[in-house]
Chemist: 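Structure provided below as structure tokens; questions to follow.
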Amino acid sequence: MTKSYLQDLLRSKLPDSSEVELHLFELCNLRCHFCGQDHDDRTGFDLIRSKIAPVKEFISQNPKKSHIVNVMGGELFNDELPDAVFADYYDLATEVAAHAASLGHTCTFNWVTNLIFQKHPRVSALLDRLRAAGVVSNLSTSYDFAGRKNSLWNEEVFRKNLERYRSSIFTVGFVLTRPAIQKLLREEDAFFRYLYAHYPLYFDYYVPEAGAATLMPSDREILDVYRFIAKHYPRISPVKELIENEQNKMTCYSLNKLTLLPNGREVKCRYVDYKEGDFRTPVDYQSNENIIEAHLEENECLSCQWFERCSFRCFVQADWAKREKTAECLFKTFFGEIERGTHH
């Protein structure tokens, strides 16, 4: 792996681990409104093991000695899936982890699931086998304020699995779409308050896809939800770190990241087929460097007084051509309010 100009420029901001993001297939039992996948597509079922070699190569060439492997679908633990798929999960994780260990590196596997499954014995057996083999394995799940609560989302099953795997759940994420922000700000969701009290929460920025016209929040809305989280839910990451830390790493891993789609195609963060003009910077599916550089220049990040404290935002979202921007970078405004004690 050749160090890039931006990797050197942002060396103090780079995360301490690399990231591998494996989309094994898109078949899913839910239809989340912010997701651009084809939920009926079974492509990738027979290609899981083929992803082992490129992941091992990525680790071998990587300057970092710690690696986070996020494995996702679709829905990895969908009751429709054959048991043979779970054998492939095990082989994938154990072979990659053993390779990393042979280099003196460490791997953490996060199995991303919506927790809507009833065949939990095979999920538990997979986690037990992986841990017995020395593979560090967690579950990451998600919650949606708006757009998921329909006949496909069984709240009782979600709650039961949430409790069943409480000790394995690394984080509960939620995506900051415009409808989600609006509902959060109205404080209408009692279950979210329960999640906050019992689980580590993290928000993800919305990456634009087909529904961006209604789902993309404005910078003003993101700033408002930062303020709201700081006041009412200050343990939610990454706002927690923005409030507490004088120095933060960037939340984006794309300068040291491998993303593989179900068909084996390698990308970074964008995998939807975008149209010309969707972004302010020409789309490069293999790299985010052009949009990162554009963002740094536009916001004068390198000379900003909050450079060390800032974790930056999703650069793909920031480059969206129709993004409604504030006059000042929302982070500068937020950090100024923290400094004055007026952020809540």
Chemist: Rounded to the nearest 0.5 Å, what separation is found between the CZ atom of F334 and the CG atom of L242?
Modeler: 6.0 Å
Chemist: What donor-acceptor contacts under 3.5 angstrom involve side-chain atoms of residues 81-91, with partners at least two apart or in another chain?
Modeler:
unit_1: D83; atom_1: OD1; unit_2: R122; atom_2: NH1; d: 2.7
unit_1: Y89; atom_1: OH; unit_2: L76; atom_2: O; d: 2.7
unit_1: D91; atom_1: OD2; unit_2: R49; atom_2: NH1; d: 3.1

Chemist: Any ion pair linking D219 and R313 (charged N to carboxylate O, less than 4.0 Å)?
Modeler: yes
Chemist: Which pairs of donor and acceptor atoms, one on a side chain in residues 324-331, lie under 3.5 Å apart (sequence neighbours left out)?
Modeler:
unit_1: E324; atom_1: OE2; unit_2: R178; atom_2: NH2; d: 3.1
unit_1: K325; atom_1: NZ; unit_2: E298; atom_2: OE2; d: 2.9
unit_1: T326; atom_1: OG1; unit_2: E328; atom_2: O; d: 2.6
unit_1: E328; atom_1: OE1; unit_2: T333; atom_2: OG1; d: 2.6

Chemist: What class does the angle between the rings of H23 and Y271 fall in, given that below 30° is parallel, 30 to 60° is tilted and above 60° is perpendicular?
Modeler: tilted
Chemist: Parallel, tilted or perpendicular for Y233 and F192, by the 30°/60° rule?
Modeler: perpendicular
Chemist: Answer yes or no: does atom NZ of K160 have more than 12 heavy-atom neighbours from other residues, nucleotides or ligands under 6.0 Å?
Modeler: no
Chemist: If you compare all heavy atoms of H105 against all heavy atoms of H67, which two are closest, and at what distance to 0.1 Å?
Modeler: ND1-NE2, 2.9 Å
Chemist: Are V267 and M72 linked, directly or through intermediate hydrophobic residues, by side-chain heavy-atom contacts shorter than 4.5 Å (ILVMFWY only)?
Modeler: no
Chemist: Check H232 against Y196 and note the closest heavy-atom contact, atom names and distance.
Modeler: O-CE2, 4.3 Å
Chemist: I'd like to check the salt bridge (charged side-chain N to carboxylate O under 4.0 Å, His left out) partners of E21; sequence neighbours left out, ordered by chain and number.
Modeler: K257
Chemist: Could you check whether the rings of Y143 and F145 sit parallel, tilted or perpendicular, using 30° and 60° as the cut-offs?
Modeler: perpendicular
Chemist: Can you find a side-chain donor-acceptor pair between Q7 and N256 that sits under 3.5 Å?
Modeler: no
Chemist: For the residue pair T281 and H295, confirm or rule out a side-chain donor-acceptor distance under 3.5 Å.
Modeler: no
Chemist: Considering residues at least two apart in sequence or located in another chain, which fulfil the salt bridge (charged side-chain N to carboxylate O under 4.0 Å, His left out) criterion with R159?
Modeler: E155
Chemist: Judged by modelled atom types alone, do S17 and Y253 share a side-chain donor-acceptor pair under 3.5 Å?
Modeler: no
Chemist: Can you get from V112 to F25 by hopping between Ile, Leu, Val, Met, Phe, Trp and Tyr side chains that sit under 4.5 Å apart?
Modeler: no
Chemist: Locate the shortest heavy-atom distance separating R193 from E187; write the atom from each residue and the value.
Modeler: NH1-O, 3.5 Å
Chemist: Applying salt bridge (charged side-chain N to carboxylate O under 4.0 Å, His left out), can you list everything that pairs with R235, at least two apart in sequence or on another chain?
Modeler: none
Chemist: Do V71 and V136 sit in the same hydrophobic cluster, where Ile, Leu, Val, Met, Phe, Trp and Tyr count as joined when their side-chain heavy atoms come under 4.5 Å apart?
Modeler: no
Chemist: Verify whether one side chain among E75 and N114 offers a donor that lies under 3.5 Å from an acceptor in the other.
Modeler: yes
Chemist: What orientation do W111 and F109 show, parallel under 30°, tilted 30 to 60°, or perpendicular over 60°?
Modeler: parallel
Chemist: For a quick check under 3.5 Å, do E300 and S303 share a side-chain donor-acceptor pair by atom type?
Modeler: no
Chemist: Would S311 and E241 count as a side-chain hydrogen bond (donor to acceptor under 3.5 Å, both in side chains) here? Give the steps.
Modeler: CA-CA 9 Å; S311 58; E241 289 74 21; over 6 Å; no
Chemist: For the pair Y274 and F279, name the ring-plane relationship: parallel under 30°, tilted 30 to 60°, perpendicular over 60°.
Modeler: perpendicular
Chemist: Look up atom OG in S287 and atom CD in E293, then write down how far apart they are to the nearest 0.5 Å.
Modeler: 10.0 Å
Chemist: Can you name the side-chain contact (heavy atoms from CB on, under 4.5 Å) partners of N138, sequence neighbours left out?
Modeler: T108, N110, F170
Chemist: Is it true that R31 and D40 make a salt bridge, defined as a side-chain N closer than 4.0 Å to a carboxylate O?
Modeler: yes
